[in-house]
Amino acid sequence: MQCGQALGSPSLETAAEANPEGLGTRTPPTQSQLWETFIGPSKSIQFSVKTGWVWRSAFLYYKEKFENIETPQGPRFVLSWNWPAALFDSFLWFLYRKMYLFALLYAVAPALAIFMTGDVMVGIVSRLLAGASANYLYYWHVKDKVQRIMAMPGLDDTSRAHLIQEEGGVQPYVLWLGVVLHVLMLGLLAAAIVQGPPVQDPLGGTEGRPSQKFF
């Protein structure tokens, strides 16, 4: 999904290294710097009507989405679309972005709903919900984590920057996990196609059934 170096203003870590002792005139990090430090230097495949499919910084993508959510009156819900969260298994996207609670929710809830209802459309609906809400949920994930770290006492700027990086970023192993799961799914699908549907007697006869013997 994502790798590389984000563009834009210097990150919080860069600002901290420029003033390691925190002495003298120190300007607080901007919202954009905090976002960049948390999201990390990853890149992603993104789509827009103007540019089509492009490979660019994930930070630039989420910066645009987050700025639409934030208003002078406070955050607002803005409907936007996240293609990776919808096209791939949704729980993998949330796991990749370290949103573990939502990853568990999207791993269990759709499978449980399909098991209980027998309706495979549940999986499609869950992907649509994930694609439409992923950016908004990720905004609150970033906002909550950053606010908690910035409110911690006794930390210098460098320590805060490293902690924000550890809490943010992505889980690269999820890429390989996704590959393995999709290969297994394709294998099961191919096996089901080769085996074909079970043969049933259309007349409901007893042909092929073991005959009962009476003594």
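Residues Leu87 and Arg127 form no side-chain contact, since every pair of their non-hydrogen atoms from C-beta on lies 4.5 Å or further apart. Taking 4.5 Å as the limit, some side-chain heavy atom of Ile39 sits within range of a side-chain heavy atom of Tyr138. Residues Phe38 and Gln165 are not in side-chain contact: their nearest non-hydrogen atoms beyond the backbone lie 4.5 Å or more apart. Taking 4.5 Å as the limit, every side-chain heavy atom of Ile45 sits out of range of all side-chain heavy atoms of Val54. Side-chain atoms of Leu177 and Leu95, non-hydrogen and from C-beta on, do get closer than 4.5 Å to each other.
Rounded to the nearest 0.5 Å, atoms CG (Leu79) and CG (Asn68) are 11.5 Å apart. Atoms CG and CH2, on Leu60 and Trp35 in that order, are 12.5 Å from each other to the nearest 0.5 Å. Note: Asn82 CG to Gln46 CD = 9.0 Å, rounded to the nearest 0.5 Å.
Every ring-ring contact (aromatic ring centres under 6.0 Å, His included) that Tyr139 has, sequence neighbours left out, goes to Phe66. Every residue two or more places apart in sequence or in another chain was checked for a side-chain hydrogen bond (donor to acceptor under 3.5 Å, both in side chains) with Lys143, and none qualifies. Applying the side-chain hydrogen bond (donor to acceptor under 3.5 Å, both in side chains) criterion to Thr51, with sequence neighbours excluded, gives Ser48. Residues meeting the salt bridge (Lys or Arg N to Asp or Glu O under 4.0 Å) test with Glu67, sequence neighbours left out: Lys63. Listed by chain and residue number, nothing satisfies the side-chain hydrogen bond (donor to acceptor under 3.5 Å, both in side chains) test with Trp81 (two or more places apart in sequence, or in another chain).
Note: the hydrophobic cluster containing Leu92 does not contain Ile114 (ILVMFWY, side chain heavy atoms under 4.5 Å, direct or indirect links). Note: the hydrophobic cluster containing Val170 also contains Trp140 (ILVMFWY, side chain heavy atoms under 4.5 Å, direct or indirect links). A continuous path of Ile, Leu, Val, Met, Phe, Trp and Tyr side chains, each step under 4.5 Å between heavy atoms, connects Phe91 with Val125, placing both in one hydrophobic cluster.
Ring centroids of Tyr136 and His141 are separated by 6.0 Å or more, keeping the two rings apart. Taking the centre of each ring, Phe47 and Trp53 come in below the 6.0 Å mark.
Side chain of Arg76 to main chain of Thr71: no donor-acceptor pair is present (N/O by atom type, distance under 3.5 Å, no hydrogens or angles). The closest donor-acceptor contact from the side chain of Thr37 to the backbone of Gln33 lies under 3.5 Å. A donor-acceptor contact shorter than 3.5 Å is absent between the side chain of Ser159 and the backbone of Leu155.
In this structure, Asn135 and Ile69 approach most closely via the heavy-atom pair O-CD1, 4.2 Å. Ser126 and Ser90 make their closest contact through O-OG, 4.2 Å (heavy atoms, listed as atom of the first residue, atom of the second, distance). The nearest pair of heavy atoms linking Arg97 to Ala58 is NH2-CB, 3.7 Å. Heavy-atom minimum distance, Pro84 versus Trp93: CB-CD1, 3.7 Å.
When each of Ser32, Ser44, Ser42 is tested with Phe59 by the rule side chain to side chain contact (heavy atoms under 4.5 Å, CB included), just one qualifies, namely Ser32.
Between Arg148 and Asp144 there is a salt bridge, since at least one side-chain N of the basic residue sits less than 4.0 Å from a carboxylate O of the acidic one.
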Stepwise side-chain contact (heavy atoms from CB on, under 4.5 Å) check, Ile164 with Met150 | CA-CA 9 Å; Ile164 290 176; Met150 296 303 292; 4.2 Å; yes
List the steps, then state whether side-chain contact (heavy atoms from CB on, under 4.5 Å) holds for Val78 with Lys65.
-> CA-CA 8 Å; Val78 176; Lys65 303 303 180 183; over 6 Å; no
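Listed by first then second residue, pairs satisfying salt bridge (charged side-chain N to carboxylate O under 4.0 Å, His left out) with a partner in residues 44-59 read Arg56-Glu64, not counting sequence neighbours.
In the hydrophobic clustering, Trp176 connects to no other residue, as no ILVMFWY side-chain heavy atoms lie under 4.5 Å from its own.
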Please output the side-chain donor-acceptor pairs of residues 115-122 that fall under 3.5 Å, not counting sequence neighbours, one pair per line with the distance.
{"from": "Thr117", "atom 1": "OG1", "to": "Ala113", "atom 2": "O", "distance (Å)": "2.7"}
{"from": "Thr117", "atom 1": "OG1", "to": "Asp119", "atom 2": "N", "distance (Å)": "3.3"}
{"from": "Asp119", "atom 1": "OD1", "to": "Met121", "atom 2": "N", "distance (Å)": "3.0"}

Distance-only check: which donor-acceptor pairs under 3.5 Å involve side-chain atoms of residues 98-106, not counting sequence neighbours?
{"from": "Lys98", "atom 1": "NZ", "to": "Glu166", "atom 2": "O", "distance (Å)": "2.9"}
{"from": "Lys98", "atom 1": "NZ", "to": "Gly168", "atom 2": "O", "distance (Å)": "2.7"}
{"from": "Tyr100", "atom 1": "OH", "to": "Gln171", "atom 2": "NE2", "distance (Å)": "2.6"}

